[in-house]
Structures are given as C-alpha cells and as structure tokens.
Amino acid sequence: MSETVLLVGGGGREHAIARALADSDADLYACAGNRNPGIARLADGFESLDATNSTAVTAYAEDVGATLAVVGPEGPLAAGVADALEDAGIYAFGPRRDDARIETDKAFQRRFMEEHDISGCPDFETFDDVEAACEYIDGYDGDLAVKPAGLTGGKGVKVIGDQVTAEEAKAYLRDSDYDRVVLEERLVGEEFTVQALVANGQLRVTPAVQDHKRAYEGDEGPNTGGMGSYSDANLALPFMTEDDYHEAVDVLKATVSALGDYRGVLYGQFMLTADGVKVVEFNARFGDPEAMNTLPVLATDFLDVLVAAREGEDLPKLSFASKATVCKYAVPEGYPTDPEAGAKVAIDEESAGDAILFFASVDERDDGIYTTTSRSFAVVGVGDSIAAAEETAEDALSIAGEEGLHVRHDIGTDDLVQRRVDHVQELRTGG
Ligand code: AMP
Ligand code: GLY
C-alpha cells in the first residue's frame, strides 16, 4: 500500500526529511508557516499554516488523507500536534506533548534523569523564584549554566565563566521574565549529538554529529540554533572513541526505557568531559542542522521505519553510507541578535554543485525566495573524509555567493577539527 505522509515544519531539518522520503513509495504533503521552496518542490501539496495550530494541521492531514505524519520542529510538539493527529486517527512520528517535555521542560528533564538514575546528569537545582536562583549563584562554588526551563530556540542558556560573569547571569535572570530556571554545574569538554529513532520500546541510533552553536568563527559570539555541523565516515567523531559513542547510546537506551512508549526522534546532546560523557540536554526531534548530516547518509528507507513504527513492528536496523558530511548554514547578517530579513536568495539546487542544498527559514514568493529572521539555507558536502566533504560544501558556497548572508567557514576544516581533538586530549591528560 502506498502511504500518504504529512510533514509538519518548514526548516532545513524538514527539507532533509522530505528529501529522505522523496524516493520512497509515499505521496508527500507538507505544511509550515513559511513556504520552503525545497520542500514545496518535493511535495504533492504545500499548505501555508501555523504549524503549532493543532486544529489547522489536523484538518490539512485529514484533507490530504494522510496515513502517517512526521512532526519536525519542537514548537508543534509542545503545542500537542502529535496528540491531535493521534486523536484524529493519524499516526504521528513525534512524541505526544507530555513525552516532549523531555525537551520542552528542562526542569522536568533533569528531574526525570535523577528519578530514573540515568547516568550523565550534572548537579542541578530548579527554581521558580529569580531571587532564590540569584542567591544560589552567589553561594555556589564553581561555574553554573543558567537555563530557562522552557523553549528558547537554543538561545536562552547562559554559561557562567564562558559567556557571562556571575553578576551578568543574575542581571540576565532579573531582566528576563522566565518563571522557572534550572541552574546546573557547568560542563567542560566537547559537545556531540547522537540521535535515535524510537518506537515500540525500541531505538535505532545514528552516527554522532558535532554542531556549532556560536555565531562566529572560532566559536565566538552569541549562541544560535546551530551554524553547521559535521559527521565522520563512521559512528564516532575524530575527538572521541567508539566507547564514548557507546556510552552516549547507553544513556539514550536508559532514557527510552524510562520514557515507556515514547515515539519519534530522541536527540541526545552530550558533553565529552574529563569525567566521561554527560548530558547537556535531550530534544524530542531531529536536530537542525544535525538531520542534514544524518539523513543523506541513511541507506535504510526512512518510510520503512515510519511504517514499522506505526504497525507496532520491530524497527528495521539502520545502515549508513560510510561517508563523512559537512553542513554549513548561511544565515542573515546580524543573526541571531539583530537579523536582517528580506534579502533575495539566489542559490538553487543546480548552483549547489556536488553539495546538497537544503532550504531553511526562507519564504518563496511570486518573484523569488526571501530570507526571514532565521537561518536561510544550508549546503551539505558528503565525502570520504571530513576534509573532502568540507571542500564540497565550500565549493557550493563560493558559486552561490553570500550577499547579505553570513557563514561560518571554519566548520569542518582541518584546523577546527584538530582543535577539538587537542581539547579532549588536554582534558584526558588533565592538562
Ligand atoms: P541547550 O539549550 O540546553 O542545548 O543549551 C544550549 C547550549 O548551552 C549547549 O549546546 C551548550 O553549549 C550550553 N550548555 C547547556 N548546558 C550546559 C552545561 N551544563 N555546561 C556547559 N554548557 C552548557
Ligand atoms: N542543533 C541543535 C538543535 O537542533 O537543537
């Protein structure tokens, strides 16, 4: 039976999901607030709607006769879009709102880890009173990460001793209107992501990826949703061992088993520290950009995973091409603090050369493709080594031009990768 899949969301991650489904035996429909030209070209129908509006999404799903849905971003999951689709009898690959709290409520997430004795949890305290949190900062011996409990698009966390001083962190809390915050031990090390496809109590893991949160080259500047990322031709990354990777997978396994009947993607953000692998956070969806590294090398038909999930069957074992990937985002000048929207984007699939082009938060109108205030498009190079993949991504960017856009050209370069390797070496030897 052929399937009709509704894809919810219009970013780079969703373009990667659409591409993964495009060659399957599925009719693809998509809906999002922005008209993503990459998704629109792959889909039989594209509806512009607010993807957090459960009623509108469900009505569109029913309209197109969806037999499956994939919910890409966290916003719709937090709004209960998966629950609404399920109520309408449409299987959604994406957790229900309660299960998505593993991402959407950082206080819940840390307590959950503590209650279920999941390894890798840093010391933490949760607060619903800003002054009590400030007092805790004053009395704490060491650096803390200050994290609003709710969703902030990856931009709400402030790390004392890294981005801010203790005084600045307190001022940040007092000036903002977060009603709940988590304060936790600052983890020092190298970050990496491992994503798992989860359903029916099973999980299938994907290769590790390293994202780059900081806006500017050399890891300077404010945190962003992620400026780009790379993965290697095997499961681990150059700065980590296979054992480190498996330690992270064990954390994901323990989490899935504690969550019960979670379904969708469970994304673990890990920090490889001198004391082993620690959990920075969980997300209830594919990473963006990480999905753009992972899905292009997934050799297993993604639709087969979705159908097995819905049917309550064993999930297929995943296989991956032995290729490295490098993803570089082009974002509006001034992103993330003061982004300039409305620039025309000239790149198209042909001009990306050997790289894969993923459109993100751009909007296609009658007279062209325009940037919004969020990330615009990404190019992904796939190659035998990280260096080869990096070169392919850079070639695409040089052809496309970057007028009005900003790119972190250092992502995936030998220099930056070597710095990660040296950093971990230094931590491990106590240097
Ligand atoms: P999150 O929204 O939890 O992913 O946090 C955004 C970024 O803040 C992470 O990718 C880390 O770079 C940083 N971060 C979060 N928690 C910690 C922590 N406990 N120690 C150090 N850095 C952290
Ligand atoms: N790459 C970080 C995220 O998707 O949250």
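Every number for a ligand or one of its atoms is a count from 1 in the order of the listing. Note that the coordinates shown come from a computational prediction; the quantities given were computed from them, not determined experimentally.
Near Asn283, the atoms of ligand 2 lying under 4.0 angstrom from a non-hydrogen atom of the residue are 3 (C), 5 (O). Atom numbering of ligand 1 starts at 1 in the shown order; those under 4.0 Å from a heavy atom of Glu185 are 18 (C), 19 (N), 20 (N). Ligand 2 places these atoms under 4.0 Å from at least one heavy atom of Gly287: 4 (O). In the vicinity of Val159, heavy-atom distances shorter than 4.0 Å reach the ligand 1 atoms 22 (N), 23 (C). Interface atoms of ligand 1 facing Lys213, defined by a heavy-atom separation under 4.0 Å, are 10 (O). With ligand atoms numbered from 1 in the order given, ligand 2 contributes 1 (N), 2 (C) to contacts under 4.0 Å with heavy atoms of Gly225. Shown in contact with Tyr267 at under 4.0 Å from a heavy atom are these atoms of ligand 2, numbered in order with element: 1 (N), 2 (C), 3 (C). Within ligand 2, counting atoms from 1 as listed, the ones closer than 4.0 Å to a heavy atom of Asp211 are 1 (N), 2 (C).
The only member of Leu6, Leu85, Val57 that meets side-chain contact (heavy atoms from CB on, under 4.5 Å) when paired with Val71 is Leu85. Of the options Thr294, Asp288, Thr193, Asn293, a side chain to side chain donor-acceptor pair (under 3.5 Å) to Ser229 is made by Asn293 and by none of the others.
Checked by distance only, ligand 1 and Leu187 come closer than 3.5 Å through their nitrogen or oxygen atoms. Considering backbone and side-chain N/O of Glu184, one or more are found under 3.5 Å from N/O of ligand 1. By the 3.5 Å distance cut-off applied to N or O atoms, Gln269 is not counted among the residues near ligand 1.
The residue among Glu281, Arg285, Glu290, Gln269 with a heavy atom at the shortest distance from atom 5 (O) of ligand 2 is Arg285.
Defined by atom type and a distance below 3.5 Å, a donor-acceptor pair is present between the side-chain atoms of Tyr230 and Gln210. A side-chain N or O of Gln269 and one of Glu191 form a donor-acceptor pair less than 3.5 Å apart.
Using a 4.0 Å cutoff on heavy atoms, Gly226 does not count as a contact of ligand 2. Residue contacts with ligand 2 include Lys213, since one or more of its heavy atoms lies under 4.0 Å from the ligand. Taking a 4.0 Å cut-off on heavy atoms, Lys106 registers as neighbouring ligand 1.
Contacts with ligand 2 closer than 4.0 Å are made by no heavy atom of Thr193, backbone or side chain.
In this structure, the side chain of His212 does not engage the main chain of Lys328 through any donor-acceptor pair within 3.5 Å. Here the side chain of Asp410 pairs no donor or acceptor atom with the backbone of Glu217 at under 3.5 angstrom.
A ring-centre distance under 6.0 Å is found for Phe127 and Tyr136.
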Requested in this report: Start with the C-alpha gap between Asn34 and Ser361, add the side-chain angles, then the distance that decides, and say whether side-chain hydrogen bond (donor to acceptor under 3.5 Å, both in side chains) holds.
Outcome: CA-CA 7 Å; Asn34 60 306; Ser361 297; 5.1 Å; no

